[in-house]
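Worksheet: one structure, shown below.
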Amino acid sequence: MQDLQQAIDQAIRELFNTELHAELTRTQEQFGDYATNVAMQLAGKTGQPPREAAEALAATLRKSLEGQVRDITIAGPGFINITLGDARLAVMAQAAPGYQPQTFAKQTVVTEYSDPNPFKILHAGHLYTSVVGDAISNLIAAAGGEVHRVNFGGDVGLHVGKTMWAMLQELGGEDVDKLQQIPAERRSEWMAKCYVAGTKAYEEDETAKDAIVTLNKRVYQIFADNDHESPFAHIYWTCRQWSYDYFDEFYARIGTHFEKYYPESEVAPLGLKTVTEQLAKGVYKESDNAVVFEGEPYGLHTRVFINSHGLPTYEAKDVGLIMQKWQDYHFDRSVIITGNDINEYMKVVLKSIEQFAPDLVARTTHFTHGNVKLAGGVKMSSRKGNILRAVDVLEAAHDANKAASGRDDEQAVLGAVKYAFLKQRIGADLIYDPAESVSLEGNSGPYLQYAHARARSILRKAGTTETGITDLDPLERSLARKISEYPEVLDKAVAELLPHLICTYLYELAQAFNRFYEHAKVVGDPREATRLQLVGLYADVLRHGLELLGIVAPEQL
RNA sequence: GCUCCCUUAGCUCAGCGGAUUAGAGCGUCUGUCUUCGGAACAGAAGGUCGUAGGUUCGAAUCCUACAGGGGGCACCA
């Protein structure tokens, strides 16, 4: 494709004596393979009617691209439509499955996502952000990046105070033995229940609120004293570990993996130190005994980084996290994926860091997504307790899958949920319909998994043949055309870090294949060799794309 | 009140400066082929792209205002 663009740029130089870069876009099959609107842009520059400019360009290109191109036509107000020669198209299709973008070559990239807090439960949003973060990480890795997946979570902070308070109520004091009696399978649930109770008490009961604030300080003190002995510290460390065990188990289940876990307690000191240093330099300011960053000059709002008790808030911890990531990786690019409720907050944090470390902020991208809602309109908030848990989503998908297929297949369920989450552009809220996601028909994960298995089955039946593709009949050409688009789709998905572009393409690819397969016999046909190769290329591209999405492409179902 | 984001077929979403009919899935209706895995293919109905202006040769796509919905706005995360 690049050589086509260069040929057009060259023709523009020769004919019009001007530098203008031609953007080639894929066009509808009836018009050709690629289209460009440079003639209209040229018309704007030279005053020449666009169709005339287009005709002149087309005439030159027919010569310079001879052998590559079957047809170049002008249409509408001055679009130049290019139809590739079959041989050229075949070469492109054959290169598609092995294509590797170089967008992130030799770059160190840190991706941070999921970010659950110990002492709380994993909700549907964590599942969503994990799936999205994993896919984005895969895209970067596929484009040559050295990806480090990290996770951040609040093992200190008010929510811990809340949970600890309720746990102590439940245990009737700092009773380590009683804590140990809680069976392993009930631990995460118990802690989640305590968090909800603690939150309620904090809001409704002044005495409890004071106690929780005190406990919060005691938790920080555990770190200050490096306390692993006192009963209180023992309960804290034990429950923190229970949380990590629970997270690990869940990540293993959904097939994502983190190289490093940053607990807030680990980055808080660096955050506190950094903010304090920059307070002296005037980046942060004191206000009502707290340390704040005044966002108003930048069109943002003011936020507290160190509270009046001298404790770092989430803001300071995030400063510490970003500084810590920099110290650990010296990244070329840092990608943070979170929910969009944190949008304005993050702008303030990044703006404050920009004052003393602008290069770090320049390398940082904050992606945000919306909330997961169950079709039917259930919202969730872990503060209130009526949450949609991550396991609830998977369970709903399992139930729907059993109802639809009569089977209980974890890979199909994960493929369904992941695809349902990823097929939508990142940003807005996501309405998740379990029944639709596991559907075997339409734009779904199981449909694509099946499409892959079906193609593999054909290949198994036929055995392998490798002869190279020399010519294409119209049915084959349509499929080859779609396959040949993959590198361009991948480039765009990587450049913008948008996994849904892969989803859209894979579904269109599967449709193109079904159209082909409906009318073209493969095994036993005189054109078997060519067709088998196309089936193989199709299956390889499908598998490559699904794997980028974190979805298993089964050989058979 | 200030601020950010969203609003495209009955539902869920693509499209994000270009072309005759604004696309897809689900749902609804109708056809095809005795199916190399039919979990298929072909077709119909369904949209003045929230509203009103503006910029442009050209706007669902950019700008402005308004309406409706959601998030954020100092010691929570």
Side-chain angles (χ1 to χ4, degrees), chain A residues 25 27-28 30-31 35 37 40-41 43-44 49-50 75-79 81 115 117 120 153-154 157-159 161-162 199 202 216 264 287-296 299-309 311-315 317-318 338-345 347-348 368 370-371 375 379 382-383 404-405 420 423-425 427-433 435-436 439-444 446-451 453-458 461-462 500-501 503-504 507-508 510-511 513-525 528 531-532 535 556-557:
Chain A
T25 55
T27 187
Q28 291 175 49
Q30 52 180 313
F31 298 138
N37 62 2
M40 268 92 91
Q41 295 175 48
F79 292 96
N81 291 324
D115 296 351
N117 288 328
K120 289 171 77 173
L158 197 60
H159 67 282
K162 289 172 181 174
T199 301
Y202 185 85
N216 185 26
E264 277 184 21
S287 173
D288 288 344
N289 275 335
V291 177
V292 304
F293 179 78
E294 291 174 344
E296 281 73 11
L300 304 171
H301 59 267
T302 294
R303 284 203 156 262
V304 172
F305 282 65
I306 301 174
N307 69 23
S308 51
H309 302 288
L311 296 176
T313 60
Y314 195 61
E315 285 81 345
K317 293 168 194 164
D318 239 323
T338 72
N340 58 17
D341 52 330
I342 231 168
N343 227 317
E344 295 300 298
Y345 154 87
K347 281 186 198 167
V348 177
T368 59
N371 295 325
K379 220 190 143 184
S382 61
R383 309 246 173 87
S405 71
K423 74 175 176 180
Q424 186 175 131
R425 190 186 181 101
D429 287 352
L430 183 129
I431 303 198
Y432 176 68
D433 184 338
E436 190 182 300
S439 170
L440 310 168
E441 293 164 11
N443 192 358
S444 73
Y447 173 90
L448 292 177
Q449 288 179 320
Y450 176 77
R454 190 185 186 198
R456 291 292 171 205
S457 157
I458 296 164
K461 179 176 170 182
H500 83 280
L501 296 175
C503 295
T504 305
Y507 184 63
E508 287 171 3
Q511 283 183 314
F513 176 76
N514 282 331
R515 240 167 260 141
F516 162 81
Y517 196 57
E518 179 73 14
H519 303 289
K521 190 169 172 58
V522 176
V523 177
D525 190 89
E528 174 175 316
R531 291 180 175 179
L532 269 179
V535 173
Q556 52 192 317
L557 295 180

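All chains are named by letter (A, B, ...) in the order of the sequence lines, taking the proteins before the strands, and each is independently numbered beginning at 1. Just so you know, these numbers use all the heavy atoms, side chains as well, and skip hydrogens, waters and symmetry mates.
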Practice task
State whether the side chain of A/N37 and the backbone N or O of A/F79 hold a donor-acceptor pair below 3.5 Å, judged by distance alone.
Solution key: no

Problem - Residue A/Y345, side-chain heavy atoms: nucleotide from B/A14, B/A42, B/A77 that is nearest - result: B/A77

Please list, pair by pair, any protein nitrogen or oxygen found under 3.5 Å from a nitrogen or oxygen in nucleotides 22-28 of chain B.
residue	atom	partner	partner atom	Å
B/G25	OP1	A/Q511	NE2	3.4
B/G25	O2'	A/N443	N	3.4

Handout entry: Side-chain donor or acceptor of A/K423 paired with backbone N/O of A/N443 under 3.5 Å
Key = yes

Completion exercise
Picking from B/A14, B/A74, B/G37, the nucleotide nearest the side-chain atoms of A/Y450 would be B/G37

Practice task
Using a heavy-atom cut-off of under 4.0 Å over every strand shown, decide if A/K521 touches base, sugar-phosphate, or nothing.
Solution key: base

Handout entry: A/K347 with A/E344: basic N within carboxylate O range, under 4.0 Å
Key = yes

Practice task
Kindly point out which of B/U3, B/U12, B/C36 is positioned nearest to the side chain of A/E344?
Solution key: B/U3

Handout entry: Backbone of A/H500 reached by a side-chain donor or acceptor of A/R425 within 3.5 Å
Key = no

Exercise for the section: Kindly say whether A/A290 contributes a backbone atom to a donor-acceptor pair with the side chain of A/D288 at under 3.5 angstrom? Expected result: no

Practice task
Verify the distance criterion only: is there a donor paired with an acceptor across the side chains of A/E436 and A/S444 at less than 3.5 Å?
Solution key: no

Problem - No-H, no-angle donor-acceptor pair, A/N343 side chain to B/G71 base, under 3.5 Å - result: no

Exercise for the section: Answer yes or no as to whether B/A19 has its base stacked against A/F79, where stacking requires a ring-centre separation under 5.5 angstrom and planes under 30 degrees apart. Expected result: yes

Handout entry: Flag, side chain of A/T27 to backbone of A/A35, donor-acceptor distance under 3.5 Å
Key = no

Exercise for the section: Tell whether A/D115 reaches the base of B/A77 with its side chain through a donor-acceptor pair below 3.5 angstrom. Expected result: no

Problem - Distance, C1' atom - from B/G18 to B/U64, rounded to whole angstrom - result: 23 Å

Practice task
Report which part of the nucleic acid A/D288 touches: base, sugar-phosphate, or nothing (heavy-atom distance under 4.0 Å, all strands).
Solution key: base

Practice task
Would you indicate what A/H519 reaches in the nucleic acid, counting non-hydrogen atoms under 4.0 angstrom: base, sugar-phosphate, or nothing?
Solution key: sugar-phosphate

Practice task
Using a 4.0 Å heavy-atom cut-off across all strands, classify A/Q41 as base, sugar-phosphate, or nothing.
Solution key: nothing

Handout entry: Heavy-atom donor-acceptor pair, A/T368 side chain to A/G339 backbone, under 3.5 Å
Key = no

Fill in the blank from the handout: With the side chain defined as heavy atoms from C-beta on, A/K347 is closest, among B/C36, B/A77, B/C4, to B/C4

Exercise for the section: Identify whether any heavy atom of A/A455 sits under 4.0 Å from a base atom; if not, whether one sits that close to sugar-phosphate; answer base, sugar-phosphate or nothing. Expected result: nothing

Fill in the blank from the handout: Ranking B/A74, B/G37, B/C36 by distance to the side chain of A/V522, first place goes to B/C36

Problem - Per A/K317 side chain, nearest of listed nucleotides B/A42, B/G37, B/A77 - result: B/A77

Practice task
Just say parallel, tilted or perpendicular for the rings of A/F516 and A/F513, cut-offs at 30° and 60°.
Solution key: tilted

Practice task
Would you classify A/N117 as touching base, sugar-phosphate or nothing, given that sugar-phosphate means primed atoms plus P, OP1 and OP2, and contacts are heavy atoms under 4.0 Å?
Solution key: sugar-phosphate

Practice task
Could you work out which one of B/C76, B/G37, B/A74 sits closest to the side chain of A/V304?
Solution key: B/A74

Handout entry: Proximity to the side chain of A/H301 - top-ranked nucleotide from B/G72, B/C75, B/C76
Key = B/G72

Practice task
Quick one: label A/A43 by what it contacts on the DNA or RNA (base, sugar-phosphate, nothing), any heavy atom closer than 4.0 Å.
Solution key: nothing

Problem - Nearest listed nucleotide, side chain of A/S308, among B/A14, B/C75, B/A39 - result: B/C75

Exercise for the section: Have a look at A/A75 and say if it touches a base, only the backbone sugar-phosphate, or nothing, with a 4.0 Å heavy-atom cut-off. Expected result: base

Handout entry: C1' gap between B/G17 and B/G58, integer Å
Key = 8 Å

Problem - 5'-to-3' dot-bracket of RNA chain B (Watson-Crick, G-U; under 3.5 angstrom; crossing pairs as [ ]; | other strand) - result: (((((((..((((....[....)))).(((((.......))))).....(((((..]....))))))))))))....

Exercise for the section: Quick one: label A/R303 by what it contacts on the DNA or RNA (base, sugar-phosphate, nothing), any heavy atom closer than 4.0 Å. Expected result: base

Exercise for the section: For A/S287, report the nucleic acid contact type (base, sugar-phosphate, nothing); a contact means any heavy atom under 4.0 Å. Expected result: base

Handout entry: Per A/R425 side chain, nearest of listed nucleotides B/C41, B/A14, B/C36
Key = B/A14

Completion exercise
Here the gap from A/T199 atom OG1 to A/K120 atom NZ, rounded to the nearest 0.5 Å, amounts to 7.0 Å

Exercise for the section: Could you measure between the two C1' atoms, the one in B/C29 and the one in B/C13, and give it in whole Å? Expected result: 23 Å

